[in-house]
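Report on one structure; see the data block that follows.
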Amino acid sequence: MSEINTKEKQEKDQILKRDIYKHSRADGWVKPENPLLLERLEWFKDQKLGLMMHWAPYSQIGVRPSWILSDKDGDEWSRQDLDWDIDPQELKRQYFDLNKTFNPIRFEPEKWADLAAENGFKYLTFTTKHHDGFCMWDTHTTDYRITGPDCPFHKHKYADVCRQLFDAFRSRGLAIATYFSKADWNTPYYWAPGMERGTHMWRGPSYNTKEHPWLWEKFVQFTHEQIMELMTRYGRIDILWLDSGWVRAKNDQDIRLGEVVEKAREIQPWLLTADRAVGGPYENLLTPEQTIPDRALSVPWESNLTMGTSWSYRFDENYKSIRFIIHMFIDIVAKGGNLALNVGPQPDGRLPEPAISRIKAIGEWLKVYGEGIYGTRTYEISSEGNCHFTKKGDTVYAFYLYKEEHEAVQEEVLLPIKHACSRIDLVGGQESLAYRNAENGITVRLPEKERSIQAPIAHVFRIR
């Protein structure tokens with residue numbers, strides 16, 4: 001096995017074994033009572049592939065978004081990949097000043113939207129604001145924004161990045177999900193100067209919210225105002241995707257989310273919400289991060305996975321191979337989920353070439369095999385060995401995966417299906433393949449030309 005495939009196998013093993021996502025959350029999922037929201041959740045299950053983007057001034061230095069600002073998390077993990085020696089307080093000052101040099105003049109939203117639409121992506125999840133508090137829309141709540149006077153990009157015709165992206169993607173038929181961090185480490189209503197914790201900060205507020213209710217109420221109103229700006233001034237929003245799961249009532253950080261969501265639904269009644277890692281009525285869909293559940297889930301969910309190793313742009317990024325990405329995609333869809341595939345745009349406003357090439361490769365694959373992906377649901381077996389299954393009506397799709405392109409393609413393939421079938425076709429190839437019942441399923445004979453080429457990413461069978 002090649003070195004890259006060995007690394008990818010190790011990475012996939014880590015993705016499958018991560019304990020970030022607890023299946024008990026799926027067991028406790030709260031089904032909405034609103035018929036429109038139930039209809040929209042079925043719509044969400046049909047989409048299968050979303051493009052996720054983390055982009056803001058932090059792309060200039062190629063580090064994790066926001067997290068190096070939190071001293072506690074920095075002590076534990078978030079500053080481990082910093083390769084220069086710097087005082088933590090100076091680091092925070094320099095980080096918060098990155099808006100003064102952020103000038104992505106090569107940003108062309110129409111090209112991003114065309115690339116996504118032409119290659120099978122169905123929705124965009126964009127970081128309107130990460131934990132650092134920098135806003136990628138023209139907010140009226142703070143000057144720490146892409147259109148703020150300190151940001152050189154504020155005079156550009158595409159300065160209101162969210163408006164430009166949302167309009168471009170929406171015009172090509174893609175849905176819009178607004179990633180919004182409930183925490184905000186820039187506003188003095190959350191990290192209040194001189195309050196209690198002093199200079200050693202953590203991810204939560206710098207003060208006791210019970211002892212300073214007036215200050216916390218200012219933060220609640222600030223958060224509501226920002227959310228409602230996005231809900232009222234930026235067209236149709238399909239999903240409000242909320243990060244910062246520690247901001248919740250049981251941690252004495254009650255932002256009264258239900259109040260603002262119900263207000264937003266008066267304007268956008270179809271709005272789904274992902275109050276991730278919190279549970280309850282506003283976590284309509286689950287969002288395991290950098291992990292794939294080990295079994296099929298019956299509730300709406302998406303895996304958020306990076307195309308490389310980082311959520312934001314890295315100058316030395318190692319990208320996953322297209323075979324690896326599509327294998328993960330098939331695994332996710334077979335288990336009833338969507339893939340939100342994250343790409344970190346460059347600080348100059350372009351998408352990295354390795355990301356573009358992989359997006360196009362995904363599109364080429366989907367043009368042939370997408371019928372077994374879009375609009376499907378789980379089959380009674382989601383996966384067994386290197387076989388994965390989806391179902392659409394009375395048709396079952398079997399994906400037989402090949403880990404390496406040099407893997408031998410056998411004359412016959414065993415599909416572990418016990419049901420009787422009337423016909424088996426090779427999607428994108430010969431129809432009415434020869435097959436016979438075997439003890440452990442159905443053995444299908446591959447056409448000779450399929451055995452004379454290098455192993456495909458997968459053979460996909462349509463089973464009637």
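Judged by distance alone, the side chains of S312 and S59 never bring a donor and an acceptor atom under 3.5 Å apart. Under the 3.5 Å distance criterion, with hydrogens and angles disregarded, a donor-acceptor pair is assigned to the side chains of D243 and Y179. Side chains of E110 and Y158: no donor on one and acceptor on the other come within 3.5 Å. A side-chain donor-acceptor contact under 3.5 Å links R276 and T287. Remark: the D87 side chain and the Q89 side chain contain no N/O donor-acceptor pair separated by less than 3.5 Å. Under 3.5 Å, the side chains of E90 and Q94 contain a donor-acceptor pair of N or O atoms. In summary, the side chains of Q226 and T141 do present a donor paired with an acceptor at a separation below 3.5 Å, with no hydrogens or angles considered. If you check the side chains of T147 and D138, you find a donor sitting under 3.5 Å from an acceptor.
The shortest distance between side-chain heavy atoms of Y319 and T309 does not fall below 4.5 Å. Side-chain contact between I457 and L401 is absent, with no heavy atoms from C-beta onward closer than 4.5 Å. Proximity of F329 to I373: side-chain heavy atoms (C-beta onward) are separated by under 4.5 Å at one or more points.
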Practice prompt. Please step through side chain to side chain contact (heavy atoms under 4.5 Å, CB included) for the pair L366 and N119, ending with a clear verdict.
Written response: CA-CA 8 Å; L366 283 168; N119 291 289; over 6 Å; no
Worksheet item: Do R314 and D81 pass the salt bridge (charged side-chain N to carboxylate O under 4.0 Å, His left out) test, and can you show the C-alpha distance, the side-chain angles, and the key distance before you say yes or no?
Response: CA-CA 11 Å; R314 288 181 66 109; D81 58 353; 3.3 Å; yes
Discussion item. As a quick check of understanding, evaluate ring-ring contact (aromatic ring centres under 6.0 Å, His included) for W185 and W202, giving each step before the final call.
Written reply: CA-CA 10 Å; W185 299 340; W202 70 309; 9.8 Å; no
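The pair R79-D71 meets the salt-bridge criterion, with a side-chain N (NZ, NE, NH1 or NH2) lying under 4.0 Å from an Asp/Glu carboxylate O. A salt bridge links D97 with K100; the closest basic N to acidic carboxylate O contact falls under 4.0 Å. For K263 and E259, the salt-bridge test fails: no basic side-chain N is under 4.0 Å from an acidic carboxylate O. A salt bridge between R172 and D167 is absent, with no side-chain N of the basic residue lying under 4.0 Å from a carboxylate O of the acidic one. Taking 4.0 Å as the cut-off between side-chain N and carboxylate O, D238 and R40 count as a salt-bridged pair.
In this structure, CG in D73 is found 12.0 Å from CD1 in I68, a value given to the nearest 0.5 Å.
Listed by chain and number, the residues in a side chain to side chain donor-acceptor pair (under 3.5 Å) with K122 amount to none (sequence neighbours excluded).
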Expected list for residues 44-51: side-chain donor-acceptor pairs under 3.5 angstrom, two or more places apart:
residue: K45; atom: NZ; partner: E42; partner atom: OE2; Å: 3.4
residue: D46; atom: OD1; partner: R377; partner atom: NH1; Å: 2.8
residue: D46; atom: OD1; partner: R377; partner atom: NH2; Å: 3.0
residue: Q47; atom: NE2; partner: W43; partner atom: O; Å: 2.7
residue: K48; atom: NZ; partner: K45; partner atom: O; Å: 2.8
residue: K48; atom: NZ; partner: T376; partner atom: O; Å: 3.0

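Checking H388, E371, K392, K391 one by one against Y397, the side chain to side chain donor-acceptor pair (under 3.5 Å) holds for a single residue, E371.
For the pair R197 and Y207, the cation-pi criterion (under 6.0 Å, within 45° of the ring axis) is not fulfilled. W270 carries R236 over the face of its six-membered ring, with the cationic atom under 6.0 Å from the centre and within 45° of the normal.
Outside the 6.0 Å centre-distance limit, the rings of W301 and W29 are not counted as a close aromatic pair. A distance of 6.0 Å or more separates the ring centres of F169 and W112. If you look at F315 and Y313, their ring centroids are closer than 6.0 Å. Residues F153 and H156 place their aromatic rings such that the two centres sit under 6.0 Å apart. Checked against a 6.0 Å centroid threshold, the rings of W246 and H131 count as neighbours. Centroid-to-centroid, the aromatic rings of W311 and W55 stay 6.0 Å apart or farther.
Across all non-hydrogen atoms, the minimal contact from I146 to A159 is CG2-O, 3.2 Å.
Within the structure, the side chain to side chain donor-acceptor pair (under 3.5 Å) test picks out no pair touching residues 352-365 (sequence neighbours left out).
Using the six-membered ring where Trp is involved, Y379 and F389 have ring planes that are tilted, between 30° and 60° apart. Ring-plane geometry between Y190 and F219 is classed as tilted, the angle between the planes lying from 30 to 60 degrees on a 0 to 90 degree scale. Classified by interplanar angle (parallel below 30°, tilted 30° to 60°, perpendicular above 60°), the ring pair Y189/F222 is perpendicular.
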